[in-house]
Number of protein chains: 2
Amino acid sequence: MAAANVRDVAALAGVSVGTVSNVLNASKPVAPETAKRVLDAIEKLGFIRNDAARQLRVGQSRTVGIMVLDVSNPFFTDIARGAEDALALTGRSLILGNSGEEAHRELGYLDLFEEQRVAGLLITPVGDVLSRLERLRSRGSPVVLVDRHENARSFSSVSVDDLQGGALAAGHLLDVGRTRLAFVGGPQQVLQVAERLRGARDTVLARGARPLRVLEFETMRADVGRVGAEQLLALAPSERPDAVFAANDLIALGVLQALTSAGVRVPDDIAIIGYDDIYFAANAAIPISSIRQPAAEMGRTAAELLLEEIEHPGLKDYRHVFFPPELIVRASTAGADAPH
Amino acid sequence: MAAANVRDVAALAGVSVGTVSNVLNASKPVAPETAKRVLDAIEKLGFIRNDAARQLRVGQSRTVGIMVLDVSNPFFTDIARGAEDALALTGRSLILGNSGEEAHRELGYLDLFEEQRVAGLLITPVGDVLSRLERLRSRGSPVVLVDRHENARSFSSVSVDDLQGGALAAGHLLDVGRTRLAFVGGPQQVLQVAERLRGARDTVLARGARPLRVLEFETMRADVGRVGAEQLLALAPSERPDAVFAANDLIALGVLQALTSAGVRVPDDIAIIGYDDIYFAANAAIPISSIRQPAAEMGRTAAELLLEEIEHPGLKDYRHVFFPPELIVRASTAGADAPH
DNA sequence: GGAAAAGAATGAATCGTTTTACTGAAGAAC
DNA sequence: GTTCTTCAGTAAAACGATTCATTCTTTTCC
């Protein structure tokens, strides 16, 4: 009743365990009829290779870890799926950790990944874990940063030019005739947020519009959007913005919901633009304009960079792939003139 | 430069490897000052236990697999997070597989989980994998079914009474004065869909309303909702339903979007109710009524049932936990009288 | 004070693979 | 006909933890 192992297979097939391994891994040629006997034995015994033993011997696993900030955000699950697709082609699989933007959870998963000797790691870091990542790499698990290139030229990375993204968003709002722009978003410690804001602010300045009003919050979740919208509605009419740039689509959804339920017309009274271009924003009852980040492609590319490092260890040729952000115009900013 | 192992730790601390293990696992008492020496050595060497070796010896891993139908559906990620919380309390972690409703992907993950000798498995099965699950269990990885109890009394399960959920939804639509109900949903091979439909149909019948119009599709994704809505709009006015019951919230969102962009007023002209009560439906610009399933709690409970089996192997005391569905009324069905 | 029990620590055996160095056998080359 | 390759397959040595059965010290008890 105990699970069969290679020894059992070898005995049944009348060969040595080494031969079984060669069949399993195609590491050395095996005569066709011998291979068939082995495969038959595997089939008959229902043998499933014990990955722990394999891994112990080889020193590395066939799974790759990915750590995301928020599994509830479709942007991150799309990245994960892109990565999964690329890895599947090489017979590797993905194990997903969700830090939830909490540093202690991030550390817990790093421990896990390190104990597992993962083949590599894709990560959007939360806390100050760079030295930890260096160690992981020095122990044979290369690391690729996703959507966060910052102070880390020493790791390969994929990211989107958030400065340009912020500029695109603000530029578009100005283009459709808006003059009083507000930014609603997460903490500026998050590099992406800071850059999106800076891009927007610079654009507003350069085009001589009124200064950007900034509402800063602690997280990037939708409830932030609702609170932000309420703060905007509390302003005197002359102060009230006629356009909102939300740091991501989750926030934009919150803003939209709060505004419409307060009777504000979108986009006639206030236009809204988000960031990420997630499915639910595109399909909101008033579809939300957004700055698209090619999530799946980013995930795929990150996985490919990682695979390169996995397959050529020691090659310190770190690459940084930047994707251009893309403006997607939808009803939440289009089809209406500036309010009078 | 090679990673430190227990032997190195033992040497530095001046103890035997057995003692190191005892400190690591608290399996046998160790004198406090000895333990301190060991911990210091671990710290100094940056020792991280090799999980493959541990697992090979112990025969089982400390991670649990979960296989979901669709990671893009927040309902499933919420289940996963609930499970993760419960497992974290016991020092276990979760590895997530996404079948995407495709049987071959499901099999791929089952192979992976079996090779990994996972401590247990939570699964919403797609294909015909019951015998596979039996084998997994007979080899030491218990299995709990999530949201699918069907022909499998021989596994513990958590699920929601979908018959009652369907009845609640249809009953509510009738209660607010609707008379021409339509159902838009995924394939009836999926048990949940079939039961929601049956619950609705029975209720409509019992209350003497016009028979339910059924639009059946192949998947449960939002685009299905848009197509369904267009089919409804193509009907002659006298035939056109005044209420839609969508098999899940993703579909409801699609219906809502298609209807409003066609100028149909929701709920005045057509009311909409969904299923799952996901965040994005609750926060749509017209918040969508829904039948809530307590996703996180379901995940937590499933994990607890699994832990019980893990800790008492051989105990064939399979339990089936049913959660009651709950009607959540929002703007998409409320606050409007029946259309004239 | 001596026997028994309890407490700490030891070290070898073990888990199931992969891999390496090696052995034969069969054919090729001269 | 001897020597060289090539080709298949073997057997044993890893990999790094945990867990036994032991040994060596203390402490307890009468």
Side-chain angles (χ1 to χ4, degrees), chain A residues 2-39 41-42 45-63 91 111-112 114-117 119 139-140, chain B residues 1-39 41-42 45-63 91 111-112 114-119 139-140:
Chain A
N5 59 24
V6 279
R7 218 176 316 275
D8 301 327
V9 172
L12 181 57
V15 298
S16 73
V17 294
T19 301
V20 175
S21 175
N22 289 335
V23 171
L24 245 35
N25 303 291
S27 38
K28 286 211 299 187
V30 172
E33 67 270 27
T34 314
K36 180 168 182 337
R37 283 213 315 282
V38 170
L39 291 173
I42 288 177
L45 294 174
F47 166 79
I48 294 266
R49 108 131 87 25
N50 183 327
D51 197 55
R54 182 201 148 280
Q55 201 173 308
L56 172 59
R57 175 63 229 223
V58 172
Q60 209 193 233
S61 94
R62 269 170 28 253
T63 68
D111 284 345
L112 175 71
E114 200 163 349
E115 285 190 357
Q116 307 245 41
R117 308 293 195 264
R139 294 194 173 166
Chain B
M1 188 91 276
N5 58 25
V6 278
R7 218 175 314 276
D8 301 326
V9 172
L12 181 57
V15 299
S16 73
V17 294
T19 302
V20 175
S21 175
N22 289 335
V23 171
L24 245 34
N25 303 291
S27 38
K28 288 211 295 188
V30 173
E33 67 270 28
T34 314
K36 180 169 181 339
R37 284 213 314 283
V38 171
L39 291 173
I42 287 177
L45 294 173
F47 166 80
I48 294 266
R49 106 130 88 28
N50 183 326
D51 198 54
R54 184 203 146 277
Q55 200 173 307
L56 172 59
R57 175 63 231 227
V58 172
Q60 210 193 230
S61 97
R62 271 170 26 254
T63 68
D111 284 345
L112 176 71
E114 199 162 350
E115 283 191 358
Q116 306 247 40
R117 308 292 196 262
V118 289
R139 296 196 172 165

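Just so we're clear, the structure is a prediction, and the values are computed from it rather than from any experiment. The analysis underlying the following values was restricted to heavy atoms, covering all of them including side chains, and did not include hydrogens, waters or symmetry mates. Chain letters run A, B, ... following the sequence lines, proteins first and then strands; every chain starts at 1.
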Rounded to whole angstroms, how far apart are [atom1] on [X] and [atom2] on [N]?
X	N	atom1	atom2	value
B:Lys28	D:dC20	NZ	P	9 Å
B:Asn25	D:dT19	CG	P	7 Å
B:Ile42	D:dG16	CD1	C1'	14 Å
B:Asn22	D:dT19	CG	P	9 Å

Set of side chain to side chain donor-acceptor pair (under 3.5 Å) partners for [X], sequence neighbours left out:
X	result
B:Arg54	none
A:Thr34	none
B:Glu114	B:Arg132, B:Arg135, B:Arg139
B:Arg37	none

>> Suppose the criterion is side-chain hydrogen bond (donor to acceptor under 3.5 Å, both in side chains): which pairs have a residue in residues 6-18 of chain A, not counting sequence neighbours?
In response: A:Ser16-A:Thr19
> Going by number, which of residues 29-36 of chain A have a non-hydrogen atom under 4.0 Å from DNA chain D?
Replying inline: A:Pro29, A:Val30, A:Ala31, A:Thr34
> Of all of residues 5-16 of chain A, which get a heavy atom below 4.0 angstrom from DNA chain D, listed by number?
Replying inline: A:Val15, A:Ser16
> What distance do B:Gln116 atom CD and A:Gln55 atom CD have between them, rounded to the nearest 0.5 Å?
Replying inline: 7.0 Å
Atom of [X], atom of [Y] and distance for their closest heavy-atom approach:
X	Y	answer
A:Gly91	A:Arg62	O-NE, 3.8 Å
B:Ala35	B:Val23	CA-CG2, 4.1 Å
B:Arg49	B:Asn25	NH2-OD1, 3.4 Å
B:Ser61	B:Ala119	O-CB, 3.3 Å
A:Leu24	A:Phe47	CD2-CE2, 3.8 Å
A:Leu56	B:Ala52	N-CB, 3.8 Å

> Using the C1' atoms of five pairs at each end, what's the angle between the two axes of the helix from C:dG1-D:dC30 to C:dC30-D:dG1, to 10 degrees?
Replying inline: 40°
>> Before you tell me yes or no, could you show the steps for B:Ile48 and A:Arg117 under side-chain contact (heavy atoms from CB on, under 4.5 Å), namely the whole-Å CA-CA distance, both residues' side-chain angles and the distance that decides it to 0.1 Å?
In response: CA-CA 10 Å; B:Ile48 294 266; A:Arg117 308 293 195 264; 3.7 Å; yes
>> Quick check on contacts: within residues 45-53 of chain A, what sits under 4.0 Å from DNA chain C by heavy-atom distance?
In response: A:Phe47, A:Arg49, A:Asn50, A:Ala53
> Quick one: how far along DNA chain C does chain A reach, first to last nucleotide 5' to 3', anything under 4.0 Å to a heavy atom?
Replying inline: C:dG16 to C:dA21
> Quick one: does A:Leu12's side chain get under 4.5 Å of A:Leu45's, heavy atoms only?
Replying inline: yes
Which atom pairs link the protein and nucleotides 12-14 of chain D when you take only N or O atoms and keep those under 3.5 Å?
{"from": "D:dA14", "atom 1": "N3", "to": "A:Arg57", "atom 2": "NH1", "distance (Å)": "3.0"}

>> Using OP1 and OP2 only, check whether a side-chain N or O of A:Thr19 sits under 4.0 Å from D:dT10.
In response: yes
>> Once salt bridge (Lys or Arg N to Asp or Glu O under 4.0 Å) is applied, do any residues pair with A:Lys36, and if so which ones, sequence neighbours excluded?
In response: A:Asp40
